[in-house]
Amino acid sequence: MAAEIHPRPQTRKPVLLSKIEGFQDVVNTAVIIPKEDGVISVSQDRTIRVWLKRDSGQYWPSVFHTVPVACSCMSFNPETRRISVGLENGTVSEFVLSEDYNQMTPARTYQAHQGGVTVVLFVLEMEWVLSTGQDKSFTWHCSESGQQLGTYRTTAWVSGLQFDVETRHAFVGDHSGQVTILKLEQDNCSLITTFKGHTGNVTALCWDPVQRVLFSGSSDHSIIMWDIGGRKGTAIELQGHNDKVQGLCYAPHTRQLISCGSDGGTVIWNMDVTRQETPEWLDSDSCQKCEQPFFWNFKQMWDSKKIGLRQHHCRNCGQAVCGKCSSKRSTIPLMGFEFEVRVCDSCHGSITDEERAPTATFHDSKHSIIHMQYEPTRGWLLTSGTDKIIKATCAIVCICACARGLWEQTCKYCPV
């Protein structure tokens, strides 16, 4: 009997593949070793560990290396097997893994910052090591000579960094909520532009070099999609977390964004839809529906002998309205509002059930996530949390690898 083809893909929960425990402190970063059943982790307990999966199905450390201070971040390049580790004393230490991943050799140390390193990236094409720190600076070094090539002072503590190899643009997000775009040369950089859309600090950045779109996550619980390549200044908001956004990853083969937060929530966003910008909030001294004065409009209150009302805004049309004219709530997924938000009564009646259809799925990781990494070849999602545990999940593939509804076909991305 032929398999049934569903018109819409069914939602499946991410599958937990394995857990790695045994840390004495929080794991700040963990990454998957591509084409290997292995994981590399750096922790607040000053350890760098390489975990390989044994015949028993359990992960055991094949490398256990201790450094003088806590490890704050890490970057791993699978082609060169080079690990770049940012430390809380401001240095970046490099190590090279052996081919069997059972030995790690120190390679070089960079005196990069005066405060703790927050993000480190190794760019093989340029032979550059990029890093940001708590000292409000962004630096890049030559990995061949070890020399510092340049530095840029930021307005606040930097907490997000991405790099586009083709154009040599660096995207730097900081605690003021601002994202700065820099054009890097061999020994200098130029400021391209800055933009700010978050009310809280930028906590995560993700760059899609194909669509030329930058995603930024923030402590204000929101995600913004910035259209860099289109040069239209488009900024799409995504509201799906109840706490600080901690990580962002993009799956290009399924056009889905994965985000995680301190609330333990993992959200998978369908970006293969036409999304809309949220409207600007309009200014008015009275409700733009019933014309009742707002509480600061003393003249109209005196003339009409009415008590002023509190001002609200409809999230769908942006009009300034009173509470009585905006008593309804609705989701507006195409504007990024996956949770119900305030809308005026007229907009509530005009939003169809089809327009209310969710464009994201929500999952509980059951730990407060502080870092996330997505491995696209197998569709694995690796998360580390404040509970000192690393979790490997088959996430994106179980929900969308058969996104066209072809459930009778075997998912080529899913290992389970």
Side-chain angles (χ1 to χ4, degrees), residues 16-54 57-88 91-110 116-124 129-131 143 161 204 246-247 249 258 260 367 369-395 415:
L16 179 64
L17 302 176
S18 58
K19 292 197 300 184
I20 301 177
E21 304 177 88
F23 297 94
Q24 301 301 313
D25 212 327
V26 174
V27 182
N28 286 323
T29 309
V31 298
I32 297 169
I33 303 174
K35 302 178 182 179
E36 293 284 341
D37 279 331
V39 171
I40 306 171
S41 66
V42 297
S43 172
Q44 201 73 20
D45 64 9
R46 301 187 294 115
T47 63
I48 304 169
R49 310 188 199 192
V50 179
W51 306 81
L52 297 181
K53 194 173 185 178
R54 305 303 183 186
Q58 299 296 314
Y59 283 88
W60 292 92
S62 62
V63 173
F64 188 105
H65 182 80
T66 303
V67 291
V69 295
C71 307
S72 53
C73 55
M74 171 187 53
S75 174
F76 173 64
N77 181 266
E79 294 183 40
T80 60
R81 301 186 305 281
R82 186 180 310 191
I83 306 174
S84 304
V85 181
L87 305 179
E88 288 199 344
T91 63
V92 175
S93 295
E94 278 192 347
F95 304 87
V96 177
L97 284 171
S98 60
E99 291 187 10
D100 60 3
Y101 296 98
N102 285 310
Q103 187 176 356
M104 189 171 70
T105 305
R108 193 183 298 278
T109 298
Y110 308 89
V117 182
T118 54
V119 187
V120 61
L121 292 177
F122 171 66
V123 183
L124 178 61
V129 176
L130 315 180
S131 62
S143 62
L161 174 64
Q246 288 285 59
C249 298
I258 315 170
C260 66
H367 66 159
I369 300 172
I370 60 173
H371 183 267
M372 173 180 68
Q373 188 233 356
Y374 174 64
E375 208 283 300
T377 58
R378 286 177 289 183
W380 286 11
L381 186 68
L382 201 68
T383 58
S384 56
T386 56
D387 54 4
K388 309 172 188 176
I389 294 176
I390 299 172
K391 292 185 178 182
T393 307
C394 181

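Scope of the values below: all heavy atoms of this structure, side chains included, with no hydrogens, waters or symmetry mates.
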For residues [X] and [Y], report the shortest heavy-atom separation together with the two atoms involved.
X: L16; Y: K19; result: CD2-CG, 4.1 Å
X: R108; Y: S143; result: NE-O, 3.4 Å
X: Y59; Y: W51; result: O-CE3, 3.7 Å
X: A30; Y: V39; result: CB-CG1, 4.3 Å
X: V129; Y: E94; result: CG2-OE2, 3.2 Å
X: R54; Y: S62; result: NH2-CB, 3.9 Å

message = If the condition is salt bridge (charged side-chain N to carboxylate O under 4.0 Å, His left out), which residues does D37 pass it with, not counting sequence neighbours?
response =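 Counting only residues at least two positions away or on another chain, D37 forms a salt bridge (charged side-chain N to carboxylate O under 4.0 Å, His left out) with R378.
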key: By ring pair (Phe, Tyr, Trp, His ring centres under 6.0 Å) - contacts of Y110 (at least two apart)   =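 Y110 satisfies ring pair (Phe, Tyr, Trp, His ring centres under 6.0 Å) with H141 once adjacent residues are dropped.
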task = Start with the C-alpha distance between F64 and T47, add both sets of side-chain angles, then the distance that settles side-chain contact (heavy atoms from CB on, under 4.5 Å), and finish with yes or no.
result = CA-CA 7 Å; F64 188 105; T47 63; 3.7 Å; yes
If I take atom [atom1] from residue [X] and atom [atom2] from residue [Y], how far apart are they, to the nearest 0.5 angstrom?
X: C71; Y: I48; atom1: SG; atom2: CD1; result: 4.5 Å
X: I258; Y: T393; atom1: CD1; atom2: OG1; result: 10.0 Å
X: E99; Y: N102; atom1: CD; atom2: CG; result: 12.0 Å
X: L161; Y: L121; atom1: CG; atom2: CG; result: 4.5 Å
X: R82; Y: F122; atom1: CZ; atom2: CZ; result: 3.5 Å
X: S18; Y: K391; atom1: OG; atom2: NZ; result: 11.0 Å

request  = Measure from the side-chain N and O atoms of R81 to the backbone N and O of V96, and report whether any donor-acceptor pair falls under 3.5 Å.
outcome  =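 No; judged by distance alone, with no hydrogens or angles, the pair does not exist.
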request  = For the pair S93 (side chain) and V85 (backbone), establish whether a donor and an acceptor sit closer than 3.5 Å, ignoring hydrogens and angles.
outcome  =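 Checked: no pair found.
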With [X], which residues qualify under side chain to side chain contact (heavy atoms under 4.5 Å, CB included), at least two apart?
X: D25; answer: S43, Q44, D45
X: P34; answer: F76, P78, E375
X: C73; answer: T29, V117, V120

message = I83 vs V31, test: side-chain contact (heavy atoms from CB on, under 4.5 Å). Steps then yes/no.
response = CA-CA 10 Å; I83 306 174; V31 298; over 6 Å; no
Can you list, pair by pair, the side-chain donor-acceptor contacts under 3.5 Å of residues 382-390, counting residues two or more places apart and other chains?
residue: T383; atom: OG1; partner: H367; partner atom: NE2; Å: 2.9
residue: S384; atom: OG; partner: V27; partner atom: O; Å: 3.2
residue: D387; atom: OD1; partner: H367; partner atom: ND1; Å: 3.3
residue: D387; atom: OD1; partner: I389; partner atom: N; Å: 3.3
residue: D387; atom: OD2; partner: H367; partner atom: ND1; Å: 3.4

request  = Answer whether the closest heavy-atom distance between the side chains of C249 and M372 falls below 4.5 Å.
outcome  =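 Contact flag for C249/M372 side chains = yes.
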task = Identify which one of M104, R49, M74, Q373 satisfies the side-chain contact (heavy atoms from CB on, under 4.5 Å) criterion when paired with I40.
result =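 The side-chain contact (heavy atoms from CB on, under 4.5 Å) with I40 is passed solely by M74 among M104, R49, M74, Q373.
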